[in-house]
Amino acid sequence: MNPSDGAETPAPTAGRHRWSRRWALWALLVTLLAALLSTLVWLAGRYESSQVQSRMEQDVVQTATDIRGALTRNVQSMQALQASSPGPEAWRVPATELLHAHREIMRLEWRDMALATVSHVETPYRLSVFERLGRDNTQADVGFACAAARRFSGPAYSTSYFLPQADGLGLEVLDMCLPVSTAGRLAGYLVATYSLPDMLSELAGRQLTRGQGLAFTEADGTRLAMHGNPARGSRAYVAQHLLDLPGNTMVLRLERQVGTPALFPNLLTALVAAMSIALVAVLALLGRDMRRRLKVEHDLADALAFRKAMEDSLVTGMRARDLQGRVTYVNPAFCQMVGLEARELLRHSMPPPYWPPELAEEYQQRQASRLAVGATLPREGFESVFMRRDGSRFPVLIIEAPLINAVGKQTGWMSAILDVSEQRRIEELSRASQDRLQATARLATVGEMASLLSHELNQPLAAISSYATGSLNLLQSAAAEAQPADNSEGLQLAMRRIAEQAERAGKVIKSVHDFVRRREQVREPIAPRLLLDAVMPLVSLQARKLGVRVLMQVDESCAPVLCDRTMVEQVLLNLARNGMQAMQGLDKSRRFDRVLILRVRAAASNAYSRWVEFAVIDHGEGIPEEVARRLFTPFFTTKAEGMGLGLSLCRTVIEQHGGFLGFEPMQPQGTIFTFTLPVAVTVAMSHEAATG
Ligand code: ADP
């Protein structure tokens with residue numbers, strides 16, 4: 001199994017786990033809140049109904065008291081009616097008035113001791129209630145009531161009974177019997193028949209509000225009479241109270257419809273509900289905010305992971321330092337570069353472990369000046385030397401920039417660090433190989449010249465040999481003829497010639513030797529003519545072989561040039577040799593055209609520098625277009641024995657001197673190669689002063 005699999009699997013699992021836990025928390029919160037809110041609404045509703053209930057309880061008690069009070073007042077009115085003890089006829093008048101005033105009383109009877117009716121009046125508001133049943137049928141009830149009244153010596157009430165009426169309906173009534181006494185002796189009874197519905201409407205109905213119903217019921221709940229709106233169904237508030245009358249007990253029942261089942265029955269519930277809605281809204285907003293935060297958190301984590309991956313994959317070392325110069329962050333590339341762990345570097349006291357001890361003091365000063373807030377740092381960075389854990393030093397390029405935090409305050413410095421040791425090594429290598437290449441090219445030139453050399457040395461050597469033979473002959477003949485004095489002149493001449501020729505041969509060899517051995521790379525001011533003179537012996541060697549005439553056109557007023565002599569001589573030699581070889585193919589008839597011109601003159605100058613232009617002009621075959629394109633490519637050659645290095649090296653040398661090497665066709669035929677070299681300024685001025 002891939003080891004990275006094991007490391008990566010827990011991360012998504014943990015993420016999923018955290019996610020599901022967060023959702024579970026949210027679900028729990030919402031459920032709790034919903035439960036709380038519904039409990040609150042329910043409790044508020046309950047509170048309200050209990051309020052209504054207790055108000056109704058009070059109301060029903062009050063109503064019962066009112067009814068009892070009204071009945072007592074009625075009894076008093078009746079006692080007053082009887083007190084005047086008139087005759088049966090005269091009694092009817094005040095009795096009728098009494099019925100006028102009290103709608104609840106249906107009939108008032110004056111009965112004697114045997115309960116026989118002496119006189120009676122009926123309510124003016126109805127037909128006689130006893131019309132259908134007949135009063136006699138209720139004699140038993142009256143009898144019971146009056147017996148009780150006699151016992152109590154006060155008013156007593158019968159149980160209620162039903163009277164069918166002429167209109168098809170019925171009426172629940174009860175009788176009240178009041179003993180009447182004259183001079184302390186029982187003289188008869190006053191019997192009042194009360195209509196229960198009218199008792200409710202007249203004695204208690206006025207206080208009744210809309211939507212309420214008032215009823216008399218029996219103990220078992222049987223309804224006897226009703227006033228107002230009876231409550232239907234089970235959703236009603238009900239309050240009951242016993243109406244305890246002497247001889248009769250009824251239940252007074254107050255009912256009230258709950259009304260249409262409203263969601264928010266009162267202000268409190270509405271308030272609680274509104275608060276709940278607000279709470280839910282806040283919760284929703286909170287949830288949305290949370291979702292946004294989660295998204296931002298997620299994006300941030302992504303960006304962080306991306307940045308981390310980027311930093312870790314960098315080959316450039318990254319280092320952050322605080323304003324005191326202590327390391328606060330390093331990336332893996334930096335750790336690898338210095339061979340130290342991140343924890344060894346972070347917050348390390350000064351100096352850091354990657355500073356070479358011998359340079360620490362210098363670095364300290366450099367850092368102090370560089371890290372001063374507001375100091376401007378070079379964009380291209382600066383070079384320094386760091387030390388690895390094993391003590392080895394290596395060159396680095398450091399590019400530093402201020403570290404600005406989120407509120408725009410500088411908290412330190414950020415550096416990118418490049419290990420340039422490999423670059424330095426390659427530069428060194430290429431320099432060395434360039435040198436080697438030039439040496440090789442020089443040796444190749446020499447090799448090429450070896451044949452010329454042998455040809456050139458042949459002449460002086462042959463001359464030396466013939467002079468030596470001649471001298472030998474002279475000496476031999478002088479010995480034979482014994483005339484030494486005659487030969488001495490001839491011998492001297494021969495010896496001088498030998499010495500001359502030997503010197504000439506030595507010069508030839510020396511010119512080659514000089515060319516090969518001179519190696520010191522120093523730039524020195526040198527007169528252009530001297531450069532030409534130095535290559536001349538070697539150029540003439542080849543010119544003679546190829547039958548070329550060499551002309552020199554030197555502007556003597558040209559100032560000395562600053563150059564590496566050996567190098568420039570090689571350039572001249574190369575160009576001259578190429579020119580001469582280009583003229584080699586010309587047919588014999590045009591032999592007079594075989595002229596190579598070496599020209600020196602002042603070139604265009606500007607305010608800062610002056611230049612001298614060298615030109616090598618041949619009248620050879622010229623350079624075709626496809627050759628011209630690849631002329632300076634190393635190893636490009638059209639010659640069987642050529643190396644193709646000459647021109648590319650020439651250009652390198654001239655460019656190293658800051659000059660320019662180029663070529664153009666010569667009219668009518670041939671090529672002109674030119675290059676420039678800078679004038680040695682101070683020397684040039686002194687030279688001008690001396691000449692001027
Ligand atoms: P090599 O001389 O070893 O061939 P060079 O770099 O000196 O290498 O020259 C490259 C080629 O450029 C030559 O082979 C030749 O074809 C061409 N060349 C150089 N100088 C001249 C010239 N003066 N006239 C014509 N062709 C030239």
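Atoms within each ligand, like the ligands themselves, are counted from 1 in listed order.
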Quiz prompt | Numbered atoms and elements of ligand 1 in range of Leu631, under 4.0 angstrom, heavy atoms | solution = 12 (O), 17 (C)

Quiz prompt | Euclidean distance, Phe614 CZ relative to Thr676 OG1, rounded to 0.5 Å | solution = 9.5 Å

Self-check item: Rounded distance (nearest 0.5 Å) linking atom CG of Leu346 with atom OG1 of Thr328
Solution: 7.5 Å

Practice problem: Check each of Thr638, Asp618, Ile623, Ile672 against atom 14 (O) of ligand 1 and report the one with the nearest heavy atom. | Solution: Thr638

Practice problem: Report yes if some N/O of Gln581 lies less than 3.5 Å from some N/O of ligand 1; otherwise report no. | Solution: no

Exercise. Calculate, to the nearest 0.5 Å, the distance between atoms CG and CG belonging to Leu538 and Leu572 respectively.
Key: 11.5 Å

Quiz prompt | Within-cut-off N or O pair, Val627 and ligand 1, under 3.5 Å | solution = no

Quiz item: Is there a heavy atom of Gly622 sitting under 4.0 angstrom from any atom of ligand 1?
Solution: yes

Quiz item: Is Glu422 paired with Arg425 through a side-chain N to carboxylate O contact shorter than 4.0 Å?
Solution: yes

Exercise. Check each atom of ligand 1 against the heavy atoms of Ala582 and keep those under 4.0 Å away; list them by number with element.
Key: 22 (C), 24 (N), 25 (C)

Quiz item: Does ligand 1 have any atom that is closer than 4.0 Å to a heavy atom of Phe632?
Solution: no

Practice problem: Check each of His619, Lys639, Arg651 against atom 2 (O) of ligand 1 and report the one with the nearest heavy atom. | Solution: Lys639

Quiz item: Can we say Arg319 and Glu400 salt-bridge, meaning some charged N sits less than 4.0 Å from an Asp/Glu carboxylate O?
Solution: yes

Exercise. Measure the spacing between CG of Leu573 and CG of Asn578 and express it to the nearest 0.5 Å.
Key: 10.0 Å

Quiz item: Is a salt bridge present between Arg629 and Glu626, judged by a nitrogen-to-oxygen distance below 4.0 Å?
Solution: no

Practice problem: Give the atoms of ligand 1, by number and element, whose distance to some non-hydrogen atom of Thr671 is under 4.0 Å. | Solution: 24 (N)

Quiz item: Taking N or O atoms only and a 3.5 Å limit, does Glu621 qualify as a polar contact for ligand 1?
Solution: no

Quiz item: What part of Phe663 sits under 4.0 Å from ligand 1 if we count only heavy atoms: the side chain, the backbone, both or neither?
Solution: neither

Quiz item: Just which atoms of ligand 1 are under 4.0 Å from any heavy atom in Arg577?
Solution: 2 (O)

